[in-house]
Amino acid sequence: MNSSQQDADTCDTPRREEREGLLSAASQAERADSTSGSSPGDGIRGSLEALRRSMQQVLDSWWTSRACRREMEESLRRLRAIEVDLAQLQRPRRPSLEHEKSSLEELREEIQIGKTKSVSLSRRWLVETFTEANHEAPTSRRSSVSEVMSPRISARAAEEESSVAKEPTLKHLEEEAADLLERAGMLDFNTVACGEVPGMKGHLLQVLFKTAVKQDALLEKLDQQGNLVSEVDFNQSLFTFLGRIEEMYCPQIPYHTALHAADVMMTTEWFLRAPTLASEVSELDHVMVLIACAIHDVGHNGRNNLFHTKTMSPLAITYNDKSVLENMHVASAFEVMQQDAQYNWLAHLQQNFLPESASKAVNLQQYIRRGIIDIVLGTDMAKHIQHQKFLASRVAAVQNQNNAEANGETSKMEFLEAIMHAADISNPCKPRKMMLHWTQRVIEEFWAQGDEEMRLNIEVSPMCDRITGEDSIPKQQLGFIDFVITPYYTPLAELIPEVKEATKNMLDNRSFWLEKESQQAHCSHLFKENAEG
């Protein structure tokens with residue numbers, strides 16, 4: 001008897017039990033609906049819920065074969081889509097978003113003193129996302145492990161053997177993407193097109209990191225300066241690590257994928273090549289920031305920090321509602337290195353390095369670990385105001401010729417955090433086609449979260465409501481540009497003149513969204529031309 005016949009025979013008896021259980025669950029829900037006097041919609045929801053529970057029981061049973069499991073998982077996905085569609089049909093439409101002009105901090109104060117009616121949904125999202133205001137979650141409940149699965153757990157469960165690119169493979173991919181890589185270090189570098197090069201999947205972070213560090217021979221300089229125990233071992237472990245990190249990104253979600261990490265890496269590289277920063281950032285710091293970019297969203301499951309805290313997910317419990325995802329990202333990266341020596345590039349840095357004209361040795365392993373932790377935690381959008389205030393203070397210090405304040409070690413690290421955050425929110429500052437691509441992706445991820453929140457019967461997070469969002473994308477993007485991007489990139493452009501290229505793109509994109517708002521453009525038309533082009 002072959003394996004497929006064994007699967008069929010093993011599955012036969014359970015399938016009969018499965019069908020009987022599903023039919024029984026549906027019948028019970030229908031009888032309950034007919035006697036309770038509830039609405040037809042409630043009865044349908046009850047039937048769907050009963051079916052989902054029964055199907056999950058079958059899925060969790062020891063006797064379920066692989067063939068049965070695949071069919072059941074597909075059925076569960078379809079059932080979930082039906083539940084979301086039903087919830088949207090029954091939900092009343094909300095009024096369109098209002099448009100107020102106020103600073104983020106003033107809006108936060110309005111919310112804190114109870115003037116919630118004067119704050120639109122889009123402004124509330126800006127406050128809750130880009131400030132460290134306390135989030136109310138009285139209506140939340142703790143989610144089960146099956147509802148909000150920890151990306152760290154799923155990463156551990158993934159296959160441990162990574163498909164690491166060998167040097168000939170990287171060289172081949174570099175040749176295939178040669179025309180695109182010529183724009184590396186430019187603001188208009190097309191990460192999306194690079195990711196679509198045949199064979200690039202799984203090696204994008206490796207190829208782009210190598211391209212970024214090759215121009216100034218950064219890795220060779222690290223060895224020449226005595227930072228490394230072994231250049232060969234460091235390089236091999238680092239590129240192996242980058243391949244493993246790319247595998248740990250979830251390709252099924254729309255936005256926070258390895259492609260986004262690669263785009264942030266290359267945008268940060270554009271910042272770091274500006275003369276103002278190039279003269280201030282050491283080769284070691286440069287490499288450190290690029291690695292931080294690569295890992296900064298690893299394991300993201302498409303749900304934001306607010307969702308995790310509202311549902312009391314395992315991650316929120318682990319990190320006490322503080323920078324939940326960011327803590328997970330950086331912890332997951334160091335966990336990989338700790339668990340397998342082939343990924344541990346950190347171990348090949350000197351622990352007793354004595355810089356020139358210094359009297360005290362530095363443990364570079366601790367220095368880099370601390371720097372990466374601070375930079376990745378700094379990508380928490382709740383730190384936005386903190387970064388913005390730092391940039392304003394640095395502008396003032398430069399204008400007052402206070403070099404000690406502007407160029408201190410603490411100031412340098414804060415500047416690197418602010419730079420990477422700028423790259424992380426840079427979508428409105430990219431050329432139009434790129435901007436629209438990333439906008440569509442992030443909106444899809446927001447709406448998927450909103451769909452999940454509706455399914456869990458909890459309050460839909462700001463900007464995650466698909467129903468109201470379909471008609472208000474231009475207004476939302478204008479609010480994002482006016483309240484978040486402009487106040488942040490304006491002082492940045494004063495410190496780094498090259499950033500004016502980004503602010504010009506931002507103004508062009510703002511004009512685009514103003515035009516679309518006047519046309520009352522629906523989401524179905526906004527991205528159509530971009531996709532066709």
Side-chain angles (χ1 to χ4, degrees), residues 69-70 73-74 76-78 80-81 146-165 169-170 173 176-177 180 189-209 239-267 291-304 307-308 313 315 325-326 328-333 335-336 343 376 379 424 427 434 436-452 464 527 530-531:
R69 189 175 299 278
R70 285 195 297 269
E73 288 174 346
E74 177 61 26
L76 275 172
R77 283 193 290 271
R78 293 178 180 177
R80 178 180 169 188
S146 63
E147 289 168 338
V148 187
M149 183 176 66
S150 167
R152 292 179 67 192
I153 295 174
S154 60
R156 292 193 196 101
E159 184 180 17
E160 291 187 0
E161 291 297 324
S162 62
S163 55
V164 180
T169 304
L170 291 186
L173 291 172
E176 289 294 309
L180 295 167
F189 175 75
N190 196 336
T191 310
V192 176
C194 198
E196 293 172 350
V197 171
M200 188 66 75
K201 184 178 180 181
H203 306 309
L204 182 62
L205 292 177
Q206 294 171 323
V207 170
L208 295 187
F209 178 86
F239 281 94
T240 305
F241 169 81
L242 291 172
R244 181 73 183 106
I245 287 295
E246 184 161 346
E247 289 179 348
M248 291 167 61
Y249 276 92
C250 179
Q252 287 79 26
I253 62 177
Y255 184 74
H256 288 101
T257 63
L259 192 64
H260 165 69
D263 189 64
V264 172
M265 180 196 292
M266 299 311 288
T267 305
I291 295 172
C293 291
I295 72 171
H296 87 279
D297 275 326
V298 68
H300 203 296
N301 65 352
R303 306 291 182 260
N304 63 20
F307 178 89
H308 284 284
S313 73
L315 287 179
L325 288 167
E326 292 73 26
M328 179 273 290
H329 300 320
V330 72
S332 297
E335 195 173 66
V336 165
Y343 305 125
V376 175
T379 62
D424 202 18
N427 296 340
M434 295 181 188
L436 286 172
H437 174 88
W438 293 116
T439 301
Q440 183 177 17
R441 281 187 173 231
V442 75
I443 287 171
E444 288 174 355
E445 190 166 295
F446 284 168
W447 288 349
Q449 175 175 317
D451 294 343
E452 177 74 356
C464 295
F527 307 110
N530 203 55

Heavy-atom donor-acceptor pair, [X] side chain to [Y] backbone, under 3.5 Å:
X    : Y    : result
Q449 : N304 : yes
H296 : C293 : yes
E326 : V376 : no

Measure the spacing between [atom1] of [X] and [atom2] of [Y] and express it to the nearest 0.5 Å.
X    : Y    : atom1 : atom2 : answer
R244 : T240 : CZ    : OG1   : 12.0 Å
E246 : L204 : CD    : CG    : 5.5 Å
L205 : I295 : CG    : CD1   : 11.0 Å
M434 : T191 : CE    : OG1   : 7.0 Å
S332 : I245 : OG    : CD1   : 8.0 Å
D424 : D297 : CG    : CG    : 6.0 Å

Set of residues satisfying side chain to side chain contact (heavy atoms under 4.5 Å, CB included) with respect to [X], sequence neighbours excluded:
X    : result
P254 : E444, E445
A177 : L181, C194, V197, M200
E196 : V192

Evaluate the side-chain proximity of [Y] to [X]: yes if any heavy-atom separation is below 4.5 Å, no if none is.
X    : Y    : value
F307 : N301 : no
T439 : F527 : yes
Q206 : T169 : no
F209 : I291 : yes
R441 : W438 : yes

Can you list the residues that meet the salt bridge (charged side-chain N to carboxylate O under 4.0 Å, His left out) rule with D263, with sequence neighbours excluded?
-> K430

Can you name the closest pair of heavy atoms from C464 and F446 and give their distance?
->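 Heavy-atom minimum between the residues: CB-O, 3.2 Å.
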
Determine the minimum heavy-atom distance between C250 and T257, stating which atoms define it.
->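 Closest pair (atom of C250, atom of T257, distance): O-CG2, 3.5 Å.
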
Quick one: list whatever passes ring pair (Phe, Tyr, Trp, His ring centres under 6.0 Å) with H256, sequence neighbours left out.
->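 Per chain and number, H256 pairs via ring pair (Phe, Tyr, Trp, His ring centres under 6.0 Å) with H260, H300.
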
Hits for ring pair (Phe, Tyr, Trp, His ring centres under 6.0 Å) against F189, two or more places apart or cross-chain, chain-then-number order -> none

